[in-house]
**Student:** 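Please see the structure below; I have some questions.
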Amino acid sequence: MFDVDAVRRDFPILAREVNGRPLVYLDNGASAQKPQAVIDAVTRAYSHEYANVHRGLHYLSNLATDKYEAVRATIARFLNVAHEEEVIFTSGTTEGINLVSYGWAAPRLQAGDEIVLTVMEHHANIVPWHFLRERQGVKLVWVETEPDGSLDPQAVLGAVTERTRMIAVTHMSNVLGTVVDVAAICAGAREKGVPVLVDGSQAAVHMPVDVQALGCDFYAITGHKLYGPSGSGAIWISPERQAEMRPFIGGGDMIREVWRDRVIYNDPPHKFEAGTPGIVQQIGFGAALEYLMALGMDNIAAHERQLTEYARARLKGLNWLQLQGDAPGKGAIFSFTISGGAHAHDISTILDKRGVAVRAGQHCAGPLMEHLGIHASCRASFGMYNTEAEVDALVDALEFCHELFG
Ligand code: PLP
């Protein structure tokens, strides 16, 4: 059973007040709060177990290396990866997707080759591909979402031509909450011989993920949204694609031998991890994933499904509020504007005065804003520790806001 009150007690920050009101933290889509287990793991690592990794022959370096490398296996378990060497540590999804853009796509793609994207991608899954457009003449092919915010897998597959070299798609929209049928896209893409990169930044927080069942080639996650430290993350890359990749960032650790006239790279995954990594961040990330797996991703998903339906019903009851995204099975992310033209920043400031933290702006989703015909929106994004009482607090604050703006 999922006990939300017990979970809340594990997050010290949730007990604090903001602007004289109990904190209602609904900005989890931007970054989630950290449980005591993560805070303790980070404190322990710095207090008792810290040294650089992979480099020393002394006790602390070996200890830190063991703790750090153990996280690779934890991530593999979390994503149901077959072999932990397929997990590459990154500082987050942004670095993971850039690794694929620079390491896999840039050396392989020619002018006129195509990458299929959807209009609801985050900038992290757009800009690295724009680099290839600017520098190499690669063409970006955009797939629109349906009016309710859902994405038809057949529309994605229908955009594939003989020049398509990759499909890069989010597993869950950070604005609309839409959950994409990635397995259907991957099945069709495989028949056409097109690799699929999945941006799992949002989805992995809210549901169990099995990369083998999805059938994708690349799956990127980011630690700070998964209740871990910022600067942590990983990308799973299939062995087949890893074999096709060249390293992205050069430096220590990714190299076995360096001579004046040649270099010999380390074996994967280290080949793709240069320099001193986010040692303690990844150790904290491991603690976060252990915490999530102990609760059970199925249990978290069930709790959030209930919360989503409650929030959806309550927000739909506000006839002066326009929700962006109402796809069946959507996750706990609600973006909205309010009739009468109140700016998203003003709405979020007023909500903040009542202790309710939401995000306002473009949400790093320029093409989606253009597709929706809006400049900005507010976004309430829920996490596993949120409650129906907090949905009520959001609705109360919105009603206050609506009265204020007339
Ligand atoms: N992709 C999606 C869907 C996101 O929501 C985010 C973060 O907001 C990112 C990518 C980028 O993640 P990070 O900034 O942690 O690298």
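Values below: all heavy atoms of this structure, side chains included; hydrogens, waters and symmetry mates excluded. In each ligand, atom 1 is the first atom listed, and ligand 1 is the first ligand listed.
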**Student:** Any nitrogen or oxygen of Ser201, main chain or side chain, under 3.5 Å from a nitrogen or oxygen of ligand 1?
**Tutor:**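 Among all N and O atoms of Ser201, at least one is under 3.5 Å from an N or O of ligand 1.
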
**Student:** May I ask you to list the atoms of ligand 1 that are less than 4.0 angstrom from any heavy atom of Lys225?
**Tutor:**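 Checking each atom against Lys225, I get 4 (C), 5 (O), 6 (C), 7 (C), 8 (O).
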
**Student:** Ring centres of Tyr227 and Tyr385 under 6.0 Å apart?
**Tutor:**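 Between Tyr385 and Tyr227, which both carry aromatic rings, the centre distance is below 6.0 Å.
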
**Student:** Taking Glu290 first and then Arg77, would you say they form a salt bridge - that is, a charged N and a carboxylate O separated by under 4.0 Å?
**Tutor:**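 Salt bridge: yes.
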
**Student:** At the 4.0 Å heavy-atom cut-off, does Asn125 count as touching ligand 1?
**Tutor:**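 Asn125: no contact with ligand 1 (<4.0 Å).
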
**Student:** Return a yes/no value for Glu95: is any of its N or O atoms, backbone included, closer than 3.5 angstrom to an N or O of ligand 1?
**Tutor:**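 In this structure, Glu95 places no N or O atom under 3.5 Å from an N or O of ligand 1.
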
**Student:** Check whether Ser381 reaches the backbone of Gly29 with its side chain - one donor and one acceptor, N or O, closer than 3.5 Å.
**Tutor:**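 Confirmed, Ser381 side chain pairs with Gly29 backbone.
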
**Student:** I need the atoms of ligand 1 closer than 4.0 Å to a non-hydrogen atom of His224, numbered in the order shown.
**Tutor:**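 Answer for ligand 1: 13 (P), 15 (O).
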
**Student:** Could you tell me which atoms of ligand 1, counted from 1 in the order shown, lie closer than 4.0 angstrom to a heavy atom of Gln202?
**Tutor:**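 Answer for ligand 1: 3 (C), 4 (C), 5 (O).
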
**Student:** Should one rank Ile126, Ile333, Thr222, Thr94 by closest heavy-atom distance to atom 14 (O) of ligand 1, which comes out on top?
**Tutor:**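 Among Ile126, Ile333, Thr222, Thr94, the closest heavy atom to atom 14 (O) of ligand 1 comes from Thr94.
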
**Student:** Please identify which atoms of ligand 1 are closer than 4.0 Å to at least one heavy atom of Ala124.
**Tutor:**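 Reading through ligand 1 atom by atom, the close ones are 10 (C), 11 (C).
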
**Student:** Can you tell me if His363 has a non-hydrogen atom under 4.0 Å from ligand 1?
**Tutor:**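 Contact absent.
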
**Student:** Would you compute the distance between atom NE2 of His171 and atom CG of Asp181 and round it to the nearest 0.5 angstrom?
**Tutor:**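 If I round to the nearest 0.5 Å, the distance is 8.0 Å.
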
**Student:** Check the side chains of Ser201 and Thr93 for a donor-acceptor pair under 3.5 angstrom, ignoring hydrogens and angles.
**Tutor:**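 A pair is found: one side chain offers a donor N or O, the other an acceptor, under 3.5 Å apart.
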
**Student:** Taking the six-membered ring for Trp, are the ring centroids of His54 and Tyr68 within less than 6.0 Å of each other?
**Tutor:**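 His54 vs Tyr68: aromatic centres under 6.0 Å.
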
**Student:** Give the intermediate values and the outcome of salt bridge (Lys or Arg N to Asp or Glu O under 4.0 Å) for residues Arg354 and Asp396.
**Tutor:** CA-CA 9 Å; Arg354 299 176 77 90; Asp396 287 350; over 6 Å; no

**Student:** Would you mind checking which non-hydrogen protein atom is closest to atom 1 (N) of ligand 1, with the distance to 0.1 Å?
**Tutor:**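 For atom 1 (N) of ligand 1, the nearest protein heavy atom comes out as Asp199 OD2, 2.5 Å.
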
**Student:** Give the residue and atom name of whichever protein heavy atom lies nearest to atom 4 (C) of ligand 1, and the separation in Å to one decimal.
**Tutor:**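 The closest one turns out to be His122 CD2, 3.2 Å.
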
**Student:** Does any N or O in the side chain of Asp113 come within less than 3.5 Å of the main-chain N or O of Gln110, such that one atom is a donor and the other an acceptor?
**Tutor:**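 Between the backbone of Gln110 and the side chain of Asp113 there is a qualifying donor-acceptor contact (under 3.5 Å).
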
**Student:** At a 4.0 Å threshold, what atoms of ligand 1 neighbour a non-hydrogen atom of Thr93?
**Tutor:**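 Taking each heavy atom of Thr93 in turn, ligand 1 has 10 (C), 12 (O), 16 (O) under 4.0 Å.
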
